[in-house]
There are 2 protein chains.
Amino acid sequence: MGRKLDIGELLRQQPVFREMSDELLQRLAAVAIQVRAAKHQLVFRRGEQATGIYIVATGHVKLAIPSPQGQEKVIEFFRPGQIFGDAVMFLDRPYLVDAEALEDSLLIWIDKHHLYEAIDHEPALARHLLVSLSQRLHFLMQDIESVNLQTSTQRVVSWLLRQPRRATDAGTQTSFAVSKNLIASKLGLTPETLSRVLHQLRIAGLIQVEGRDILIHDADALEQCMAG
Amino acid sequence: MGRKLDIGELLRQQPVFREMSDELLQRLAAVAIQVRAAKHQLVFRRGEQATGIYIVATGHVKLAIPSPQGQEKVIEFFRPGQIFGDAVMFLDRPYLVDAEALEDSLLIWIDKHHLYEAIDHEPALARHLLVSLSQRLHFLMQDIESVNLQTSTQRVVSWLLRQPRRATDAGTQTSFAVSKNLIASKLGLTPETLSRVLHQLRIAGLIQVEGRDILIHDADALEQCMAG
DNA sequence: CGTTTGGTTGAGAGAACTCAAGGTTCGTGG
DNA sequence: CCACGAACCTTGAGTTCTCTCAACCAAACG
């Protein structure tokens, strides 16, 4: 009982379900399942069949394509409120990617059939899902653009400029939410190349790097070096 | 009057609207707009605002990211029955890509507001759109995988093997629906590289190339060379 | 029949990768 | 609190794959 109330609360906190009627939400809460994933734990693997969707309640999850040679290609990171695993579910296909918790995370899992039922009764939910999928399609297109027609420096710079940053006295600051290894993979670079690019930018006096924190002295100047 | 009936017919032929009630379909037909696009004509350009979706009735359309240096990156091709321009519409963002007709094409355009209304009344439509978006998300992920962790040969081979083919006496045959230039761009290669890869495969006795037709002698053997 | 468009082939260059070693940071257990 | 090991990151040297540039060929088309 207490557990179900818990899930109802959790669901209500998610943007996807915010506009949903109490009745429907309770119906979903009754069938939604809490999934705890410890840091480094795989939520699902490439090749497994998808029978529902995941919503991140707390934590951080990464989607990546594994490769036989051991290296992997990071596709995306998911934060609280975001949905993943939906595309393959709608297609009835096996996962293309591994999903791994980057820190201890709490996920909500909803079965396909219950989700479909909810969609049929709640157009707002359908809209949310459409927006969520669109969002990711959009990001993926940007990634494809970046990998296909930009140099390593351009990729890093445009990525830096796209990150949320806060102002400081010496410029604006941003920081990597994850290891540089993962950032490199996300950008389609090797860790070595990312390191070298950051070095160049530092030498050029454009940024300052301290661990995972990056200080951008002059965003406009950075933007300039996208051209060269 | 005749024109509206026309559109109703057209709509009914599209998988997206197949399960729709006659009433709703007629309402959509009343507001749907036929768009004719001549070969090489741009349907929309990167940067323009999206206020509706397109459905291909007849013809062939390509989505590509333009690049300042003139080269472009082909993202996807669309055939009759397929929808495009929906992702940016749901996000209220400007197009990321150019859409160009590869041959004289007939498109159906539906305004955002009317589409939303239809979604709200017809869950089946929402599902179709979800599947359509999922499909493309899936393809895009495969493309990212291909560009990031495969060599030029692997990309070409896996693409060849993914194409629909028909059996012949000397193996299975497939053919490029578009120029090799566009295929190369879709695969993230230069035309030169694609040409060279096809040459190698021909030398190796794995395929036979004649214009846009490719004869695959031994699909299994081809698959083998994905490893090396 | 010239012109354009699409495709092939060759030679050379360059950007990012691989491999290898060294340095940091961080967490953990002594 | 320090010491040690394991990740994580950086730096260097050399290689390789794909691209660029350029010429040439073939087919399509007016």
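Residue numbering restarts at 1 for every chain, and letters A, B, ... go by the order of the sequence lines.
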Practice task
Among Trp109(A), Tyr95(A), Tyr54(A), Phe77(A), find the one that has a ring-ring contact (aromatic ring centres under 6.0 Å, His included) with Phe84(A).
Solution key: Tyr54(A)
Problem - Residues His199(B) and Arg202(B): side-chain donor-acceptor under 3.5 angstrom - result: yes
Handout entry: Any Asn181(B) side-chain N or O less than 4.0 Å from OP1/OP2 of dG7(C)
Key = yes
Practice task
Verify the contact: side-chain N or O of Ser179(B) to OP1 or OP2 of dG6(C), cut-off strictly under 4.0 Å; return yes or no.
Solution key: no
Problem - Carboxylate-amine/guanidinium contact Glu145(A) Arg46(B), below 4.0 Å - result: yes
Exercise for the section: Please determine if a side-chain N or O atom of Thr193(B) lies less than 4.0 Å away from the OP1 or OP2 oxygen of dC19(D). Expected result: yes
Handout entry: Which atom of Ser152(B) lies closest to which atom of Val197(B), heavy atoms considered
Key = OG-CG2, 3.7 Å
Practice task
Starting from the 5' end of DNA chain C, give me the residue, Arg155(A) or Leu182(B), whose nearest nucleotide shows up first.
Solution key: Leu182(B)
Practice task
Check whether any side-chain nitrogen or oxygen of Thr190(A) sits under 4.0 Å from OP1 or OP2 of dA16(C), and answer yes or no.
Solution key: no
Practice task
Specify the separation, in whole Å, of atom CD of Glu192(A) and atom C1' of dG23(C).
Solution key: 15 Å
Handout entry: Lys/Arg-Asp/Glu bridge criterion (N-O < 4.0 Å) met for Arg136(B), Asp86(B)
Key = yes
Practice task
Pick base, sugar-phosphate or nothing for Leu189(B), based on heavy-atom distances below 4.0 Å to the nucleic acid.
Solution key: sugar-phosphate
Handout entry: Candidate nucleotides dT8(C), dC17(C), dA11(C), ranked by approach to the side chain of Ser195(B) - the nearest
Key = dT8(C)
Fill in the blank from the handout: To the nearest angstrom, the NZ-C1' distance between Lys39(A) and dA6(D) comes to 13 Å
Problem - Nucleotide dT8(C), atom C1' - distance to CZ of Phe176(B) in whole Å - result: 14 Å
Handout entry: Between P of dC19(D) and CD of Gln69(B), the distance in whole Å
Key = 15 Å
Exercise for the section: Round to the nearest Å and state the distance from Lys180(A) atom NZ to dG23(C) atom C1'. Expected result: 13 Å
Handout entry: Protein-nucleotide distance (His199(A), atom NE2; dG22(C), atom C1'), rounded to Å
Key = 15 Å
Problem - Leu149(B) CG to dT18(D) P, straight-line distance once rounded to whole Å - result: 13 Å
Exercise for the section: Could you tell me whether the side chain of Arg196(A) has a donor or acceptor atom within less than 3.5 Å of a complementary atom in the base of dT18(C)? Expected result: yes
Exercise for the section: Round to the nearest Å and state the distance from Ile214(B) atom CD1 to dG7(C) atom P. Expected result: 11 Å
